[in-house]
Amino acid sequence: GQFKMPFSLEERTSSRFIDFQERSFVNNSSLTPGKERGFMIHGTPFKGINYAVAFSTGQGKNTNETDQREDSNDTILHADVNLAEIADIKDSVIHIGASYANGDLPTNKPGAQRTEARGVEFFAANENFAGTEMERTREGFETALAYGPVKFQGEYSKANFENKGGTTKYDVDMDAYYAEVLWLVTGESYADSYKKGKFDRIKPKNDFDPEFKGGLGAIEIGARFSNFDASDFKLTNAAGTGKLKSGTTNGADSWTVGLKWMPTANSRFLLNYVKTDFDQEV
């Protein structure tokens, strides 16, 4: 069926429970597969250890395989471990994970990139890649370290595009990463929301009392730095080899600060400020 592919902690986390209003630069369709059609085997064979193996079209949401020259389905592998659960360290998360995806795809453009606030589209390729087929390899690494009401989380993802046929040769990369820190001011524990390799809802210690006689709900503050680098895509590249679209840039840094209020486990309000700096065209 169609489901989220097992790649990236941020992508596997539901949009209802992500740390900020929007996901980071790592959440680019070329770097991180999202919902695709395929099948998957996954499980938790040992305490604190999760794995997944998936095969997908590699074409994105609501799209079937379109290349009939060869079987070009993506193979996606993921594994993560929570060392705190294995070592029985209470009120803690020590999450480490890695993902890998590879497939031969019809020649196409890499995914464009918008600012994290879903504003301007600052990166795009000028045209499809050349060649009869293109091999795309993606690698991802993730960690989340939490103790009580404090959490650090970070990810790095890289995609390589390489021509395997024809006379036009290219071998270009794109990567992105983010690092963030969050604090539940009202004292809830992130370990309580961690389940099978990802984070779920935060449950306030005391739900908000509209008569101001009880709790405030849960309050969280956080900050994130994110970087996107597609410097192999240039205005001077030959046609079909990853040429940058005129009027766009191939890199950016972004800072996000956020305030989150969760009156109950099933409601939340978010206020984010995002500042983005763009690299010059090259």
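Residue numbers start at 1 and run along the sequence shown. Values below: every heavy atom of this structure, side chains too, minus hydrogens, waters and symmetry copies.
- When only modelled atom types and interatomic distance are considered, Thr13 and Glu11 share no side-chain donor-acceptor pair under 3.5 Å.
- The two atoms that bring Pro33 and Glu36 nearest to each other are CB-OE2, 3.9 Å, heavy atoms only.
- Every residue two or more places apart in sequence or in another chain that forms a salt bridge (charged side-chain N to carboxylate O under 4.0 Å, His left out) with Arg224 is listed here: Glu10, Glu116.
- Applying the ring-ring contact (aromatic ring centres under 6.0 Å, His included) test to pairs two or more places apart or on separate chains, those with a residue in residues 144-172 are Phe129-Phe161, Phe129-Tyr170.
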Quiz: residues 196-203 side-chain donor-acceptor pairs under 3.5 angstrom, not counting sequence neighbours:
residue: Arg201; atom: NH1; partner: Ala265; partner atom: O; Å: 2.9
residue: Arg201; atom: NH1; partner: Asn266; partner atom: OD1; Å: 2.9

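- Checking Asn28 against Gln113 by side-chain atom types alone, a donor-acceptor pair falls below 3.5 Å.
- Under the side-chain hydrogen bond (donor to acceptor under 3.5 Å, both in side chains) criterion, Thr75 pairs with no residue, sequence neighbours left out.
- Note on Leu235: it clusters hydrophobically with Phe233, by side-chain heavy-atom contacts below 4.5 Å among ILVMFWY residues.
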| Which is it for Asp175 and Arg138 under the salt bridge (Lys or Arg N to Asp or Glu O under 4.0 Å) test, yes or no, and what are the steps along the way? | CA-CA 9 Å; Asp175 61 56; Arg138 294 177 281 188; over 6 Å; no
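- Residues Met174 and Ser30 are in side-chain contact: their nearest non-hydrogen atoms beyond the backbone lie under 4.5 Å apart.
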| task | Mind running salt bridge (Lys or Arg N to Asp or Glu O under 4.0 Å) on Asp88 and Lys90 for me, showing each step along the way? | result | CA-CA 6 Å; Asp88 199 26; Lys90 302 298 184 182; 3.1 Å; yes
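- Phe20 and Trp183 sit in two unconnected hydrophobic clusters of ILVMFWY residues. Membership requires side-chain heavy atoms under 4.5 Å apart, directly or through other members.
- Residues Leu77 and Phe55 share a single hydrophobic cluster, defined by chaining ILVMFWY side chains whose heavy atoms lie under 4.5 Å apart.
- Under a cut-off of 6.0 angstrom, the local environment of NZ in Lys195 is sparse, with at most 12 non-hydrogen atoms contributed by other residues, nucleotides or ligands.
- Minimum interatomic distance between Phe123 and Gly111 (heavy atoms only, all atoms of both residues): CE2-O, 3.7 Å.
- At most 12 non-hydrogen atoms from other residues, nucleotides or ligands lie less than 6.0 angstrom from NZ of Lys158.
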| Pair Gln153-Tyr178, side-chain hydrogen bond (donor to acceptor under 3.5 Å, both in side chains): steps then yes or no | CA-CA 8 Å; Gln153 183 172 308; Tyr178 73 86; 2.9 Å; yes
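- Taking 4.5 Å as the limit, some side-chain heavy atom of Arg23 sits within range of a side-chain heavy atom of Ser15.
- Proximity of the aromatic rings of Phe228 and Phe122 is defined here by a centroid distance below 6.0 angstrom, and this criterion is met.
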| message | What verdict does the side-chain hydrogen bond (donor to acceptor under 3.5 Å, both in side chains) test give for Asn160 and Thr137, after you've listed the backbone C-alpha separation in whole Å, the side-chain angles of each residue and the deciding distance to 0.1 Å? | response | CA-CA 5 Å; Asn160 173 262; Thr137 302; 5.0 Å; no
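- Within the 3.5 Å criterion, the main-chain N or O of Ala223 finds no donor-acceptor partner in the side chain of Thr256.
- When every heavy atom of Ser56 is checked against every heavy atom of Met5, the shortest pair comes out as CB-SD, 3.6 Å.
- Between Leu31 and Ala176 the shortest heavy-atom distance is CD1-CB, 3.6 Å.
- Using modelled atom types and a 3.5 Å distance limit, the side chains of Ser231 and Asn250 yield no donor-acceptor pair.
- Between Lys275 and Asp277 there is a salt bridge, since a side-chain N of the basic residue sits under 4.0 Å from a carboxylate O of the acidic one.
- Side chains of Asp279 and Thr249: a donor-acceptor N/O pair is absent below 3.5 angstrom, by distance only.
- A donor atom on one side chain and an acceptor atom on the other are not found under 3.5 Å apart for Tyr51 and His78.
- None of Asp74, Asp104, Asp171 except one satisfies the salt bridge (charged side-chain N to carboxylate O under 4.0 Å, His left out) rule with Arg136; the exception is Asp74.
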| field | side-chain hydrogen bond (donor to acceptor under 3.5 Å, both in side chains) between Glu155 and Ser157, worked out | value | CA-CA 7 Å; Glu155 292 191 62; Ser157 187; over 6 Å; no
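- Criterion: ILVMFWY side-chain heavy atoms under 4.5 Å apart, direct or through other members. Under it, Trp261 and Leu270 are not part of a common hydrophobic cluster.
- Looking at residues two or more places apart in sequence or on another chain, you find no salt bridge (charged side-chain N to carboxylate O under 4.0 Å, His left out) involving Arg37.
- Checked against salt bridge (charged side-chain N to carboxylate O under 4.0 Å, His left out), Arg118 has the following partners two or more places apart in sequence or in another chain: Glu22.
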| Check against side-chain hydrogen bond (donor to acceptor under 3.5 Å, both in side chains), Glu139 and Tyr100 | CA-CA 5 Å; Glu139 301 169 347; Tyr100 175 84; over 6 Å; no
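- Phe269 and Leu182 fall into different hydrophobic clusters, defined by Ile, Leu, Val, Met, Phe, Trp and Tyr side-chain heavy atoms under 4.5 Å apart, directly or through other members.
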